[in-house]
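What follows is a set of notes on a single structure, which appears directly below.
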Amino acid sequence: MKILVCISNVPDTTTKVTFTDNNTKFNTVGVQYIINPYDELALTRALEITEKQTGTVTAINVGLADAEPSIRKALAIGATDAVRINADPTDAYFVAEQVAAYAKAENFDLILTGRESIDYNGGQVAGLLGEMLNFPSVNVVTAIEIENGIATMERDIDGGKEKLTCKLPLVASAQKELTEPRIPNMRGIMAARTKPLKVVEPNGAEKTSATISFDMPPAKGLCKMIAPENAEQLIDLLHNEAKII
Amino acid sequence: MSIIVFAESTDGNFKKSTLEAVAYAAEVAKNTSTNCVAVSIGNVDDSKASELAKFGADKIVSIKNDKLIGFVAEAYAKALANIASQENATVIVVSNTYSGKAIAPRVAAKLKAGIVSGVISYPDTSNGFKIRKTVFSGKAFADVNITTAAKVLAITPNTFNTIENNKTANIISVDAGLTDSDFITHSVEISRASGKIPLTEAEIVVSGGRGLKGPENWGLIENLAEALGAATACSKPVSDMHWRPHSEHVGQTGITIKPNLYIAVGISGAIQHLAGVSSSKVIVAINKDPEAPFFKAADYGIVGDAFEVMPKIIEAAKKLKAQHA
Ligand SMILES: Cc1cc2nc3c(=O)[nH]c(=O)nc-3n(C[C@H](O)[C@H](O)[C@H](O)COP(=O)(O)OP(=O)(O)OC[C@H]3O[C@@H](n4cnc5c(N)ncnc54)[C@H](O)[C@@H]3O)c2cc1C
């Protein structure tokens, strides 16, 4: 069983988002970076699968050298080896092309990604990869078991759940509920220092989009307070003032 | 040239998010002097499909194939991409639902099209093709320029208006040219909570946090939701403790929602929670702590004990419902 897990390096969830250079760049000053939480679930599930049956888990990141702490963390959690494609990951299509180019030569049985990255919220890489590699892709997967080359999965659908099966190879994107994230232990952290982290230069794929600028949502006006003794007034205000119910 | 829109259906019916997508595509078509072609996949009745014209479709393509009754991402994507190529599509619009998200990137890769999801604006074509999307789960917006000839847009539900008119359009039934090799995933079972409003599509959401003390108190949330015709949601710790299903967890690591009204009960308003709900049009915070951060993000606030104020609010909501029944 050969599994590839896509790791994206994102600002910590407590980050106060601000921008610089006339709102054209995300302000990274003082920002802590983490493995995208959904990718962490994908990685943990991949490890659980290879612990049940034999196999390897390769972590791949498209990113610049500053992403390496997150990649090392993936190795500390338990990935067998890691690959960094040395490019700025600003366009999901470009990222998927880089990962697909690497994966083509390696014959992975299963590729796992996060459901979306918590910074750009694209949610596109799994589907793009599936198409580029001619693999099926299943998104927002909340359970996955592999047996005899067949994946049995559960995924979120609008208003419910779907149970489905698919033969490998396959791309699946991890949704919360898939498993609990694993915290690296001391042995893992030590081992990660010497595990292979290969740096590969990107192929010549072109970017399909570019972020021109950022903006913040309009600030909320004052919060109108209602006395708790008259809590029922809320319904009246929502009906007659906000006209929303 | 044309603008293609995926007319997503469930059990032969179109959802509100589908009609929004059709209306959005029609607006883009109007602004670019092209036609809006709606593509319905999976045995939707012609009488039903014809409704899409009322929301702006100039032409309706209906793909009928028994194998497409259930959703299969790779097959749906191929069918949609085939029609897009035949129609010389410049823009392909889908709603950013779970199914929409599953096919949009596959369609994009087939057509070598740039893709933006979480779209919240119409394209600005005055200088390139600029589109606005939410980033950081709603903490900010990004303006993105797509540089490829074809573009795929996954638009955020509950963001764009629909206008009904008297338009009619021809329905063309086509065979999408699919083969067995396009059906690799197999649906085994679908379970949908009946009678419940899916959180992702809800216009009103009532949400509970750790302040409610335990799952046995969720009647306060459910009764208000029922009286308002709302969906229910919760904060992360509440689903982590299994008081509520994971599918109700909203926030940066849960679902991002954008209802017209979000009522937060006993939720502190942590930055990760606000990220997923702050795009809601009107926000109500109910919390016994006057310093709770949620009040800074809310339009209406009540500082009080949920167990005392909620019964009053439920009562008033029921009265309003009875008046309008
Ligand atoms: C990586 C990461 C990701 C995260 N992602 C998310 C996410 O996606 N979504 C999310 O929600 N959280 C997320 N969190 C957790 C977040 O930081 C908060 O811990 C969480 O939102 C708090 O939930 P809560 O408001 O229900 O509970 P608490 O913080 O415990 O707040 C309970 C609130 O209830 C009030 N209260 C208590 N009793 C009553 C009463 N009787 N009547 C009225 N009010 C009362 C209290 O004053 C308090 O404000 C994340 C955290 C991390 C580290």
Side-chain angles (χ1 to χ4, degrees), chain A residues 13-14 17 37 92-93 96 118-128 130-132 136-140 142 156-167 176-177 207-217 220-221 223-226 228 231-232 234-239 242 244-245, chain B residues 73-74 97-98 101-102 105-106 109-110 114-118 130 134-137 139-148 184-193 198 200 228 246-247 252-254 260-261 271-272 282 284 295 297-304 309 312-313 315-317 320:
Chain A
T13 57
T14 56
V17 174
Y93 200 107
I118 61 164
D119 51 0
Y120 286 91
N121 310 124
Q124 297 153 6
V125 171
L128 287 166
E131 195 60 47
M132 288 167 183
S137 52
V138 178
N139 66 341
V140 286
T142 55
D156 279 347
I157 54 174
D158 295 287
K161 290 249 187 243
E162 181 178 28
K163 211 170 163 181
L164 57 166
T165 60
C166 181
K167 70 174 179 3
K176 199 195 163 191
E177 233 184 303
K207 295 197 173 169
T208 62
S209 70
T211 298
I212 308 161
S213 61
F214 295 95
D215 200 358
M216 298 306 278
K220 279 266 173 197
C223 180
K224 189 166 189 166
M225 300 309 285
I226 301 155
E232 65 283 352
L234 174 68
I235 295 298
D236 181 53
L237 287 167
L238 293 175
H239 183 60
I244 211 99
I245 59 172
Chain B
E74 61 273 15
T97 58
Y98 285 129
K101 281 181 202 186
R106 294 196 74 107
K110 277 193 192 288
I115 169 170
V116 173
S117 52
K130 194 170 83 172
T134 45
V135 289
F136 298 100
S137 311
K139 287 183 197 167
F141 307 130
D143 290 325
V144 182
N145 194 23
I146 308 180
T147 48
T148 48
I184 308 173
T185 54
H186 297 281
S187 183
V188 180
E189 192 186 327
I190 285 184
S191 48
R192 279 200 175 87
T200 42
L228 295 175
H246 285 294
S247 55
Q252 194 164 10
T253 53
N260 295 338
L261 174 60
I271 189 167
Q272 298 98 346
V282 173
V284 177
F295 291 119
D299 301 280
Y300 295 96
I302 303 178
V303 177
V309 304
K312 294 184 195 167
I313 297 169
E315 189 68 17
L320 182 72

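Worth saying up front: this structure is predicted, and the values here are computed from it rather than measured. Here is the naming used below: chain letters follow the sequence lines, and residue numbers restart at 1 for every chain.
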Give, as side chain, backbone, both or neither, the part of [X] having an atom under 4.5 angstrom from any heavy atom of chain A.
{"X": "B:Val284", "result": "side chain"}
{"X": "B:Ile115", "result": "both"}
{"X": "B:Ile302", "result": "both"}
{"X": "B:Thr200", "result": "side chain"}
{"X": "B:Ala297", "result": "backbone"}

For chain A, the option from [options] that forms the most heavy-atom pairs under 4.5 Å:
{"options": "B:Asp299, B:Val309, B:Ile190, B:Thr185", "result": "B:Asp299"}
{"options": "B:Gly118, B:Ala73, B:Gly304, B:Ala102", "result": "B:Ala102"}
{"options": "B:Thr253, B:Asn145, B:Thr148", "result": "B:Asn145"}
{"options": "B:Ala316, B:Ser191, B:Ser117", "result": "B:Ser191"}
{"options": "B:Glu74, B:Glu315, B:Lys110", "result": "B:Lys110"}
{"options": "B:Pro198, B:Ala109, B:Gly114", "result": "B:Ala109"}

- Task: Would you give the length of the straight line joining atom OG1 of B:Thr97 to atom CG of A:Asp158, rounded to the nearest 0.5 angstrom?
- Result: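 Here the rounded value is 4.5 Å.
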Non-hydrogen atoms of chain B under 4.5 Å away: do they reach the side chain of [X], the backbone, both or neither?
{"X": "A:Ala92", "answer": "neither"}
{"X": "A:Leu237", "answer": "both"}
{"X": "A:Lys220", "answer": "side chain"}
{"X": "A:Lys176", "answer": "side chain"}
{"X": "A:Tyr120", "answer": "both"}

- Query: Under a 4.5 Å cut-off applied to non-hydrogen side-chain atoms, are A:Thr14 and B:Gln272 in contact?
  - Reply: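 Counting from C-beta outward, A:Thr14 and B:Gln272 do come under 4.5 Å.
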- Task: Go through the steps for A:Thr13 and B:Gln252 under the test side chain to side chain donor-acceptor pair (under 3.5 Å), then give the verdict.
- Result: CA-CA 7 Å; A:Thr13 57; B:Gln252 194 164 10; 4.9 Å; no
- Query: Who among A:Ser213, A:Gly160, A:Gly221, A:Gly123 has the most heavy-atom pairs with chain B under 4.5 Å?
  - Reply: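 If we count pairs closer than 4.5 Å to chain B, A:Ser213 comes out on top.
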- If you tally heavy-atom pairs under 4.5 Å against chain B, which of A:Ile245, A:Asp236, A:Ile212 wins?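 Going by pairs under 4.5 Å, I would pick A:Ile212.
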- If you look at every heavy atom in B:Ile313 and A:Ala231, which pair is closest and at what distance?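 The answer is CG1-O, 3.6 Å.
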